[in-house]
Amino acid sequence: MRGSEFIIGDYMNTRKLLIGILLATLGFLGGAPTIQFAEEKASSESKPESPDVEGLKSVRIEIQDFKGEENPEMDEDTEKSLEGIREFWKREDIPHDSDFYFIPFQVPPRRDELELYPCMDCHEDEEINNPIERVLEEEHEDIKLNHGGNRFWCPTCHLLTNKNFLRSLKSKELSFDRSYLLCGQCHFQRQKDWFSGGHGKRIGNWNGDRIILNCTECHNPHSPSIKPKHPDPPPEHHQAPYNIVVQILEIFR
Amino acid sequence: MILTLIGVFSYALQMKLGILHTTGLSEEVAWGIYIANFAFLIGIAAAAVMLVVPAYIFSHQEIKQVVMVGEAMAVAACIMAVMFILASLGRPDRLWHILPMIGRLNVPRSMLAWDVVVINSYLLINIIMLFYILYRNYQGKEPHYRLYFVGVVIAICLAISIHTVTAFLFSSNVSRPYWHSAILGPRFLASAFTSGPALIILTLQIIAAFTAYPVKSRVIETLAVIMTITLQVNMFLLGAEMYTEFYSQTKHASSIQYLFFGLHGYSALVPWIWTSIVLNVISVIILSLHPLRRNRRLLNTACIMAITGIWMEKGMGLVIPGFIPTPLGDIVEYIPTHYEIGVSMGIWGLGAIIFTLIVKVVISIQLGELKA
Amino acid sequence: MKHSKHRTQGADQHPPEGENPSSGNDSARGADPVSRRRFFAKAGAAGTALALGATSTALAAKAMEDEAFQDSWNQYFQDHYQRMTKEEVTEALARLKRIAKRNFEVDLEVANDPPIENVLFGYALNISKCKGYRKCVYACVEENNITRKPHIHYIRVLEMNNGSMDLEESDHYYDPDSVPRKGKFYLPVQCHHCENPPCVRACPTKATWKEPDGIVVIDYNWCIGCHYCVVACPYWARHFNWEKPNLPEEEIVKKTHYLGNRPRMRGVMEKCTFCIQRTRKGKLPACHEACPTGARVFGNLLDPNSEISRILRDKTVFRLKEDLNTDPKFWFYTD
């Protein structure tokens with residue numbers, strides 16, 4: 001009895017204070033979220049749009065149209081900065097070991113899968129080193145070279161002296177089964193990834209023999225970039241088959 | 001009285017059998033109306049016994065008569081909570097897996113396992129206390145003070161713990177930023193101590209109206225005062241949470257954004273929560289103003305509003321936004337199907353039946369009509 | 001309780017009696033019509049009870065001999081995988097084979113390969129190479145005998161906006177004419193097999209745990225379907241069988257593992273297991289095999305010369321939700 005009297009008595013004295021606090025809380029509850037909401041709406045409208053990728057043009061160097069270099073105009077600051085960089089990278093030929101390590105691997109052979117192999121069956125008696133760029137015909141009509149801008153043509157990769165092989169930059173023979181050695185001459189960075197597992201596809205086992213696919217299993221060497229494809233279907237929502245509450249709510253909506 | 005009304009709804013329980021999981025739940029929203037009701041009922045169960053505190057700690061004599069009703073409510077609410085959990089299980093037939101020795105109970109890591117332990121202990125202690133006191137009264141003797149005091153202390157400790165453990169059940173999940181805040185525990189306690197006394201005020205008046213059980217108005221007033229304070233605290237905590245989230249609106253606040261204002265066009269719960277807020281606010285105004293609180297009809301209205309408001313906010317308003325958006329940013333809304341609503345009503349009905357039965361026994365024994 | 005209720009209601013009508021009126025007073029009253037009725041009622045009740053008892057015993061006896069019933073019965077009382085003895089495990093595997101034969105008419109091979117020594121599995125995914133084809137998603141569904149309807153996908157490919165890691169802005173349901181779409185990148189998310197998994201902490205029955213080789217597995221016969229692991233997982237990796245799994249018989253993969261892709265039942269959780277049935281035999285997971293661009297790398301984190309170790313050393317890698325300290329074993333890297 002005494003306890004409750006005490007509580008109620010206290011209440012009588014601080015009634016106004018409590019009401020004041022209550023009203024303040026109400027004001028807060030009402031005002032603050034609305035303000036935040038308005039701010040959020042405003043900021044979302046001023047968000048920058050994503051860059052227009054379509055607008056970027058692809059660059060193809062037309063070597064025939066190359067007119068010659070013009071020296072860039074540089075002010076003092078730019079000159080200083082160029083000097084600084086050249087100073088930093090002073091050309092010193094110091095040999096160093098690279099810690100390059102590659103994981104042993106095997107590549108499934110491709111040579112015998114090629115339709116038109118062996119090439120020398122047709123190209124046996126042919127004039128070699130014909131420097132004139134010509135249009136491919138007959139068996140090779142469907143090949144469109146889309147690799148390297150306009151800087152490559154067939155003898156860049158194919159060895160003219162023995163067309164059963166590919167050509168290294170030193171004009172040595174490279175087997176079709178080891179065509180990755182050819183790709184890696186230019187794409188050495190990618191090849192490093194491929195050797196160490198960061199690029200390319202491994203099949204079979206994760207332990208034991210490492211079997212990885214050759215570059216040409218995925219990339220058509222004449223047109224290597226990956227084309228867009230249609231994806232597999234998206235997931236569906238699992239909904240209860242018969243939701244009467246939703247149906248009733250729909251009436252009111 | 002309640003018995004006849006709700007008995008009809010128990011039939012809805014039958015709908016669950018054989019139609020397992022024709023619910024509105026989805027991969028994204030894993031817990032729905034069952035766990036929502038569970039969270040609310042745990043609060044009621046805890047608060048019902050916490051009223052015992054004034055009786056035994058402050059020796060407030062009138063509250064003693066409420067103790068039995070409170071215990072009855074705690075037992076009924078506990079049983080309902082357990083049944084709601086059962087209703088939401090995928091394999092309730094494998095329930096023995098959760099037993100400590102025969103099954104495998106994951107204490108101390110799993111909060112759900114702790115919840116199982118404390119809720120069952122709480123239920124057990126309440127049932128023991130209830131039966132012990134009633135039996136002694138039935139025999140016409142007074143219960144041994146020492147025994148029931150110990151029991152009461154254990155019950156109070158367990159009451160706080162079931163509530164805290166249920167709050168930790170939600171707040172321990174790092175993957176749900178809406179729940180992962182320290183304030184969830186205090187919010188649970190505050191809302192429980194509002195809805196518990198509110199429900200008891202209403203049931204005491206019903207008991208006073210339909211039986212010869214004496215209910216002093218002092219009791220109702222004390223309960224109303226307790227309720228007022230806790231409802232104000234609850235509103236303050238809610239305000240604190242809203243401020244913290246809405247001030248800088250990080251991505252962690254997406255759930256509360258969804259709840260109060262809708263997110264990316266999805267706004268199914270917005271009218272729900274604002275109704276709850278309005279109900280709570282009106283209720284707290286009525287309760288805070290003494291002349292309004294003294295008016296019995298207004299008090300009852302305030303109680304009903306507070307209970308409804310808290311049920312909405314602590315039930316669906318707590319559980320569902322925790323799943324929207326999903327940890328991967330997807331939004332899938334949840335609306336309970338009529339099966340779920342039916343089962344929920346059935347369990348509430350069953351709880352009401354249990355409560356009514358116990359209370360009838362309590363009353364008859366206390367009134368001395370039933371003696372050995 | 002019921003008796004006392006009647007008493008209080010009828011307190012005004014009868015004087016309270018000392019004994020319960022319905023307990024064994026018949027003999028004292030002799031051949032009363034009331035007592036005869038009671039006697040026949042009792043006899044009828046007893047007779048029905050006897051009859052029921054007899055039929056149920058007969059049915060039980062017949063059922064005990066039925067293999068299907070025995071299998072279900074024994075499977076129900078099966079202990080937790082980690083507590084079963086070797087014999088119990090062998091028994092459980094044989095049981096699963098029989099059940100599969102009955103349900104799907106297929107000869108299943110249910111293995112129980114233990115983890116390989118000195119192996120901790122790790123997975124890396126090159127988001128520069130992922131184009132969003134979703135081949136991994138469907139290969140996984142097929143390999144793991146996952147229900148087709150309602151469907152479950154262990155892998156969810158998110159289409160994210162370039163320049164942002166905001167998962168909320170991602171599109172889960174992209175379906176354009178061709179992928180990759182400009183201005184987007186693709187992030188497939190599956191179970192990350194965390195070293196500090198929240199789902200393992202959450203499970204109340206310890207039905208999910210982390211194996212020594214790092215794979216987080218579920219004992220499907222122990223899970224009670226409470227969904228707490230779904231709540232706890234930050235990567236949305238846990239999935240639930242809402243209905244009885246719908247498996248087309250001709251597509252069932254026969255090489256299964258107890259903790260992996262054996263056919264599950266309604267009401268239990270399942271998730272990606274790094275294709276435990278394949279990887280513990282040294283093979284690559286199904287998603288890895290299916291990826292056309294070779295964006296996925298799988299291997300042993302404890303082997304310093306494995307591909308995954310090299311990627312973690314040399315590449316720019318990141319993990320999702322690192323701040324939650326789940327220590328996942330699924331990394332994303334770029335070229």
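Remember, predicted model here, so these are calculated numbers, not experimental data. Each chain gets a letter, A, B and so on, in the order the sequences are listed, and its residues count up from 1.
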Q: Begin from the C-alpha positions of A:Leu166 and A:Leu181 and carry the test side chain to side chain contact (heavy atoms under 4.5 Å, CB included) through to its verdict.
A: CA-CA 10 Å; A:Leu166 295 166; A:Leu181 292 174; over 6 Å; no
Q | Worked verdict on C:Ile218 versus C:Arg238 for side chain to side chain contact (heavy atoms under 4.5 Å, CB included) | A | CA-CA 10 Å; C:Ile218 305 173; C:Arg238 317 272 310 192; 3.5 Å; yes
Q | Residue pair C:Val253, C:Glu143: steps toward the side chain to side chain contact (heavy atoms under 4.5 Å, CB included) verdict | A | CA-CA 6 Å; C:Val253 167; C:Glu143 165 68 27; 4.1 Å; yes
**Q.** Worked check of side chain to side chain contact (heavy atoms under 4.5 Å, CB included) between C:Cys275 and C:Asn144
**A.** CA-CA 7 Å; C:Cys275 279; C:Asn144 284 301; 4.1 Å; yes
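Note: C:Thr279 leads C:Thr279, C:Asn300, C:Asp303, C:Val157 in heavy-atom pairs under 4.5 Å with chain A. Across C:His172, C:Arg296, C:His288, the residue that shares the most heavy-atom pairs under 4.5 angstrom with chain A is C:His288. Comparing C:Gly294, C:Ala295, C:Ser128 by heavy-atom pairs within less than 4.5 Å of chain A, the highest count is held by C:Gly294. No other option in C:Arg181, C:Arg134, C:Lys131 has as many heavy-atom pairs under 4.5 Å with chain A as C:Arg134. Among C:Asp175, C:Val137, C:Asn162, C:Thr293, the residue making the largest number of heavy-atom pairs under 4.5 Å with chain A is C:Asp175. The most heavy-atom pairs under 4.5 Å with chain A, out of C:Ser309, C:Gly299, C:Cys291, come from C:Cys291.
For C:Phe330, the ring-ring contact (aromatic ring centres under 6.0 Å, His included) partners are C:Tyr123, C:His192, C:Phe332, not counting sequence neighbours. Residues forming a salt bridge (Lys or Arg N to Asp or Glu O under 4.0 Å) with C:Asp335 (at least two apart in sequence, or on another chain): A:Arg190, C:Lys129.
For C:His193 and C:Phe274, the ring centers are positioned less than 6.0 Å apart. Remark: aromatic rings of C:Trp242 and C:His227 are close, center separation under 6.0 Å.
Neither the backbone nor the side chain of C:Pro285 comes within contact range of chain A; no heavy atoms are under 4.5 Å apart. Heavy-atom distances place the side chain of C:Val119, and not its backbone, under 4.5 Å from chain A. For chain A, the nearby part of C:Val297 is the side chain; its heavy atoms alone come within less than 4.5 Å. If you measure heavy-atom distances from C:Tyr133 to chain A, the contacts under 4.5 Å come from both the backbone and the side chain. C:Leu284 touches chain A through backbone and side chain together, each having a heavy atom under 4.5 Å away. Only the side chain of A:Asp193 comes within less than 4.5 Å of a heavy atom of chain C; its backbone N, CA, C and O stay farther away. Both the backbone and the side chain of C:Lys283 have a heavy atom closer than 4.5 Å to some heavy atom of chain A. Within the 4.5 angstrom heavy-atom criterion, no atom of C:Ile308 approaches chain A. Only the backbone of C:Ser306 comes within contact range of chain A, with at least one heavy atom under 4.5 Å from a heavy atom of that chain.
How far CD1 of A:Ile103 is from CD of C:Glu307: 5.0 Å, rounded to the nearest 0.5 Å. Rounded to the nearest 0.5 angstrom, C:Glu289 CD and C:Arg278 CZ are separated by 5.0 Å. Atoms CD1 and NZ, on C:Ile116 and C:Lys281 in that order, are 10.5 Å from each other to the nearest 0.5 Å.
A 4.5 Å side-chain heavy-atom check between A:Ile85 and A:Phe88 finds every atom pair outside the cut-off. C:His257 has its side chain within reach of C:Asn112: a pair of non-hydrogen atoms, C-beta onward, lies under 4.5 Å apart.
Using a 4.0 Å cut-off between charged nitrogen and carboxylate oxygen, A:Lys192 and C:Asp314 do not count as a salt-bridge pair.
Against chain C, the residues from residues 197-204 of chain A that qualify, each with a non-hydrogen atom under 4.5 angstrom away, are A:Gly197, A:Gly198, A:His199, A:Gly200, A:Lys201, A:Arg202, A:Ile203, A:Gly204 in number order. Using non-hydrogen atoms only and a strict 4.5 Å limit, the part of residues 209-223 of chain A facing chain C consists of A:Arg210, A:Ile212, A:Cys218.
The aromatic rings of A:Phe176 and A:His158 lie tilted to each other, with the angle between the two planes from 30° to 60°. In this structure, A:Tyr180 and A:Phe105 have perpendicular ring planes: the angle between them is above 60°, well past the 30° mark.
Side-chain atoms of C:Tyr154 never come within 3.5 Å of backbone atoms of C:Ile146 as a donor-acceptor pair (strictly under, hydrogens ignored).
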